[in-house]
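Computed from a predicted structure; not experimentally measured. Chain A is the first sequence line, chain B the second, and so forth, proteins listed ahead of strands; every chain is numbered from 1.
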Protein chains: 2
Amino acid sequence: MNKPLKDSGKTKSGWKQNPEAVQQDILRVATTEFAEHGLSGARIDEIAAKTKTSKRMIYYYFGDKETLYARALESAYAKVREGEGKLDLAGLPPDEALARLVAFTFDHHRKNPDFIRMVMIENVHHADYLSQSKVIRGLNVAAIDKLTEIIRRGEAAGTFRPGLDPTELHWQISALSFFNVSNKPTFSALFGKALYSRAGQTALRDHAVEMILRYVCDREGTR
Amino acid sequence: MNKPLKDSGKTKSGWKQNPEAVQQDILRVATTEFAEHGLSGARIDEIAAKTKTSKRMIYYYFGDKETLYARALESAYAKVREGEGKLDLAGLPPDEALARLVAFTFDHHRKNPDFIRMVMIENVHHADYLSQSKVIRGLNVAAIDKLTEIIRRGEAAGTFRPGLDPTELHWQISALSFFNVSNKPTFSALFGKALYSRAGQTALRDHAVEMILRYVCDREGTR
DNA sequence: AAAATTTTTAACTTCCTAGTTCAATTAAAA
DNA sequence: TTTTAATTGAACTAGGAAGTTAAAAATTTT
């Protein structure tokens, strides 16, 4: 029933199979498309068009749209957490370590807007797909562990006040860093772009650091 | 070509026309549907089904899906800003006024998750529809004005340090209050629900107040 | 050499969904 | 009383988008 296939220039001449690369390519394109348009807004045909391969291969490897979305979410998380591993704070005094962590988180979120958008979209979906992913769960303990250690040292040194909760502190740092990226469109539409200029962003970051440090430090602390 | 209409129980018996009520009903349903599923995820047929009226009337009054979305966004904003007007801070000392404003904002966001979700969705769409709305722009100056006045008084009293930026302070308060609602699904999926228990939320709110106040107050301030 | 996997291509199906159309009827406004 | 606006309801259209199918060929693995 089907016509014989055309030679598209790859037959006879040498070409390598590379399943992993093809899947990575699909995931890369899918991530930006889902980040841009959301789960229901993204188009499989559009994703396929921006890929080096074809729509057929998307279904060959991922089965359906939702699975592709879930896998794209996972890969976005993995990529971002990879970047976070590079931060070494062990040698620093606790207040300085925390200051660096906050500044790093703020910048890191800024540099990964696609990831932030994926998380936004996942929140719109009540974290349905994130909840189901076994891959992602483990990646986030590291962030809390880092904070737990900083808090422990800060308390021991008397720099930080007692009773700080690592998870809550992570929440606070995340709030300031995440909101900056997630709500940029509405905030700047309503209140102008000043805070999103280069100077504005530097100020916001420095003040986020300031705010967190003032919060954790003891009243008579060094800062 | 069409059959004569059935008597659906409203003919002959008295029924009132009420264009405004019908539109409000549509907007109310549309808001929750868009908040729940997003612009592309929401279904006109589903909205119509949950309405007291019909799909036909949605198009009669709103023309198309995007217009309905834009109007729903506007009405959500209007409703929320209405609730904000009730807060009177004039008689309070500046630090107490600010403390109340932060606590109020935090609670207010918590109580209006549909509105928060609409803003999240609008951010996913790069604020396209919010930018076009002339209605919404004006409503947000009030929030800044309130803060400007509090800062002015706080500086005059020497309680606050000089150089505070009202828009930036609004950003900071919003970040803590907004993130709490917007990222609840992913955050609690990743780090547990402790912060979203009753006690956890009270702590987060009180600490948000604490954090903002420590930030604005002079080092040798009263607090 | 045989078997299994990867890749190609484009048409096709099937379902979903936004948006339309019809004629009629009632309510309100002029 | 005339005219305009509001309302009903269900069938219909037209397009979009997810997912499928076919057979074949090239590559890789066993």
Side-chain angles (χ1 to χ4, degrees), chain A residues 1-27 29-30 33-34 36-72 125 129, chain B residues 1-27 29-30 33-34 36-72 125 129:
Chain A
M1 189 143 187
N2 279 21
K3 289 174 282 186
L5 298 175
K6 283 191 300 189
D7 184 324
S8 61
K10 283 175 186 169
T11 50
K12 287 259 168 98
S13 60
W15 60 279
K16 300 262 181 181
Q17 286 186 183
N18 200 342
E20 275 97 33
V22 169
Q23 289 172 70
Q24 286 306 312
D25 185 42
I26 293 171
L27 281 178
V29 174
E33 285 296 305
F34 283 127
E36 186 61 29
H37 305 290
L39 173 51
S40 51
R43 300 286 164 243
I44 293 283
D45 286 298
E46 187 64 21
I47 294 172
K50 294 183 177 171
T51 300
K52 293 194 190 79
T53 179
S54 64
K55 181 174 170 180
R56 181 67 187 81
M57 291 305 281
I58 294 177
Y59 285 97
Y60 181 69
Y61 280 122
F62 298 95
D64 61 19
K65 193 186 190 185
E66 294 198 0
T67 304
L68 178 60
Y69 170 83
R71 295 282 302 278
H125 293 252
Y129 299 89
Chain B
M1 189 139 185
N2 280 22
K3 289 174 284 190
L5 298 174
K6 284 191 299 192
D7 185 324
S8 58
K10 281 175 185 169
T11 48
K12 286 257 165 103
S13 62
W15 58 279
K16 300 263 182 184
Q17 285 186 183
N18 200 342
E20 275 97 32
V22 169
Q23 289 173 70
Q24 286 306 312
D25 184 42
I26 293 171
L27 281 178
V29 175
E33 286 295 305
F34 283 127
E36 187 59 31
H37 304 289
L39 172 52
S40 51
R43 299 286 163 244
I44 293 283
D45 286 297
E46 187 64 23
I47 294 172
K50 293 183 177 171
T51 300
K52 295 196 188 77
T53 179
S54 64
K55 182 174 168 178
R56 182 67 189 79
M57 292 306 282
I58 294 177
Y59 285 97
Y60 181 68
Y61 281 122
F62 298 96
D64 62 17
K65 195 187 190 183
E66 294 199 1
T67 305
L68 178 60
Y69 170 83
R71 295 282 303 277
H125 294 287
Y129 301 90

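Between B:Glu46 atom CD and C:dC16 atom P the separation is 14 Å, expressed in whole Å. Rounding to whole angstrom units, CD1 of residue B:Ile44 and C1' of C:dA18 are separated by 7 Å. The distance between atom CG of B:Asn18 and atom P of C:dA29, rounded to the nearest whole Å, is 11 Å. Spacing between atom CG of B:Asp45 and atom P of D:dC12 amounts to 16 Å, rounded to whole angstrom units. Between B:Leu68 atom CG and C:dT17 atom C1' there is a gap of 15 Å when expressed in whole angstrom units.
Residue contacts for A:Ala42: at a heavy-atom cut-off of 4.0 Å it reaches the sugar-phosphate backbone alone, with no base atom in range.
Residue B:Arg56 places none of its side-chain N or O atoms closer than 4.0 Å to OP1 or OP2 of D:dA10. Taking side-chain N and O atoms only, A:Thr53 has a distance below 4.0 Å to OP1 or OP2 of C:dT8.
Judged by distance alone, the side chain of A:Asp25 and the main-chain N or O of A:Lys52 form a donor-acceptor pair under 3.5 Å.
Minimum heavy-atom separation, B:Val29 to B:Ile47: CG1-O, 3.5 Å.
Of the residues in residues 57-67 of chain A, those placing a heavy atom less than 4.0 Å from an atom of DNA chain C are A:Met57, A:Tyr60, A:Tyr61, in numerical order.
For A:Val22, the side-chain contact (heavy atoms from CB on, under 4.5 Å) test picks out A:Ile26, A:Thr53, A:Tyr61, with sequence neighbours left out.
The closest side-chain heavy-atom distance from B:Leu68 to B:Phe34 is below 4.5 Å. Between B:Arg71 and B:Tyr129, every side-chain heavy-atom pair lies at or beyond the 4.5 Å cut-off.
Between the base of C:dG19 and the side chain of B:Lys55 there is a donor-acceptor pair shorter than 3.5 Å.
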Point to revise | Derivation and outcome, side-chain contact (heavy atoms from CB on, under 4.5 Å), residues A:Glu46 and A:Lys55 | key: CA-CA 9 Å; A:Glu46 187 64 21; A:Lys55 181 174 170 180; over 6 Å; no
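The side chain of B:Arg43 approaches C:dT17 more closely than any other nucleotide in the set D:dA18, C:dT17, C:dT7.
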